[in-house]
There are 2 protein chains.
Amino acid sequence: MGHGAAPAVGSVPRTRLDAANAATVATTLQALATPSRLLILARLREGPLAATELAAEVGMEQSACSHQLRLLRNLGLVTGTRNGRSVVYALYDNHVAELLDQALYHVEHLRLGISDAAGAEADARG
Amino acid sequence: MGHGAAPAVGSVPRTRLDAANAATVATTLQALATPSRLLILARLREGPLAATELAAEVGMEQSACSHQLRLLRNLGLVTGTRNGRSVVYALYDNHVAELLDQALYHVEHLRLGISDAAGAEADARG
DNA sequence: TGAATACATGAATTCTTGTTCATCTATTCC
DNA sequence: GGAATAGATGAACAAGAATTCATGTATTCA
């Protein structure tokens, strides 16, 4: 396969995935499946921030960012707490931060093997 | 907030996420953002399997499953190796397995706090 | 060689989703 | 109260993606 086994980063209890859970899990993971939301979460990973500043930092329009923030709130990934005129957003808890970290880490390492995978795939198609 | 900090499961090097990377990372994470692919990956997590059997086990039509498998192959998440008439699919490497494990683990724990988050959110809007 | 099994693929369709635009609510300060 | 700032939200639009259907390719076996 040309790609050795990766070192285990951390061992985590395995969750059994049935068809019923798949839908809800997929819904939550969709939060990480778009560049805009990924940037939002990555920025909040570094600390809380008001909505407008957040939009500015990730280069989105206020409205678009607000829509995405609502989605992330509904998924329970971020919280928004009013502070005067502004609403300060933050990651909900450590699970979100770690989910992000793990996702970025593994995806980055996966991309190192993509050309490799393409080659193996070509062989398979033979 | 009603939700304490989660115990750190494993510490992983932080990846800096800029706008350029966000798109490619999001593309890869989309593999986990759909019930069908999630079921496919979860099944392969338990061991390699031929395409038709895989489709049967996750309850998909052969064609639909094949389309998703192609996508997963192009992302470098799974490999398909021909074995006689059948093509045996497997997770590409340990990073895929761990990404899956971590995602399932954290999402499951996130969902425990969702009603909590909804409450906090209502307060914030108040 | 011909039938049967196992996958792959292209086109079409339908559903979902992200963004924009316009507008609306809430809060602060005069 | 009125203006200004900060966010939220609904409708509309555009783009993307998942599934189905029909068909194509590859391999085995008689």
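Just so it is clear, the structure is predicted and the values come from calculations on it, not from any experiment.
With sequence neighbours left out, A/Arg85 forms a side-chain hydrogen bond (donor to acceptor under 3.5 Å, both in side chains) with no residue at all. Take B/Glu46 and apply the salt bridge (charged side-chain N to carboxylate O under 4.0 Å, His left out) test, not counting sequence neighbours, and it matches A/Arg16.
Near-neighbour residues of DNA chain C inside residues 37-46 of chain A, defined by a heavy atom below 4.0 Å, number-ordered: A/Arg37. Of the residues in residues 61-69 of chain A, those with a non-hydrogen atom less than 4.0 angstrom from any atom of DNA chain D are A/Gln62, A/Ser63, A/Ser66, A/His67.
With rounding to whole Å, A/Leu32 atom CG is found 15 Å from C/dT17 atom P. Atom CD in A/Gln30 sits about 8 Å away from atom C1' in C/dT17, given to the nearest Å. The distance between atom CG of A/Leu54 and atom C1' of D/dA8, rounded to the nearest whole Å, is 15 Å. Taking atom CZ on A/Arg70 and atom C1' on C/dT25, their separation rounds to 14 Å, with Å as the unit. The separation between B/Leu29 atom CG and D/dA17 atom P is 14 Å, rounded to whole Å. The CE atom of B/Met60 sits 9 Å away from the P atom of D/dA18 (whole-angstrom rounding).
Between the side chain of B/Asn83 and the backbone N or O of B/Ser86 there is no donor-acceptor pair closer than 3.5 Å.
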| message | side-chain hydrogen bond (donor to acceptor under 3.5 Å, both in side chains), that's the test. Do B/Arg73 and B/Tyr89 meet it? Break it down for me. | response | CA-CA 9 Å; B/Arg73 251 169 23 219; B/Tyr89 279 88; 2.6 Å; yes
| task | Applying side chain to side chain contact (heavy atoms under 4.5 Å, CB included), run through B/Leu41 and B/Leu72 and close with a yes or a no. | result | CA-CA 9 Å; B/Leu41 292 172; B/Leu72 293 173; 4.0 Å; yes
| task | Decide side chain to side chain contact (heavy atoms under 4.5 Å, CB included) for B/Leu44 and B/Leu54; before the verdict, give the C-alpha distance in whole Å, the side-chain angles of both, and the deciding distance to 0.1 Å. | result | CA-CA 8 Å; B/Leu44 292 182; B/Leu54 182 54; 4.0 Å; yes
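Of all heavy-atom pairs between B/His95 and B/Asp93, the closest is N-OD1, 2.9 Å.
As judged by a 4.0 angstrom heavy-atom cut-off over every strand, A/Leu71 is placed among residues touching the sugar-phosphate backbone only.
With a 4.5 Å cut-off on side-chain heavy atoms, A/Val25 and A/Thr28 do not count as touching.
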Got a list of protein N/O to nucleotides 1-6 of chain D N/O distances below 3.5 Å?
unit_1, atom_1, unit_2, atom_2, d
D/dT5, O4', A/Arg85, NH1, 3.0

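Between C/dA8 and B/Tyr89, a contact under 4.0 Å exists linking OP1 or OP2 to a side-chain N or O.
For the side chain to side chain contact (heavy atoms under 4.5 Å, CB included) criterion with A/Arg45, the lone passing option out of A/Asp101, A/Ile40, A/Val96 is A/Asp101.
Here the CG-CG distance, from B/Leu77 to B/Leu99, works out to 7.5 Å after rounding to the nearest 0.5 Å.
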Which donor-acceptor pairs under 3.5 Å do the side chains of residues 31-39 of chain B make with protein atoms, sequence neighbours left out?
unit_1, atom_1, unit_2, atom_2, d
B/Arg37, NE, B/Ala31, O, 3.3
B/Arg37, NH1, B/Gln68, OE1, 2.8
B/Arg37, NH2, B/Gln30, O, 2.8

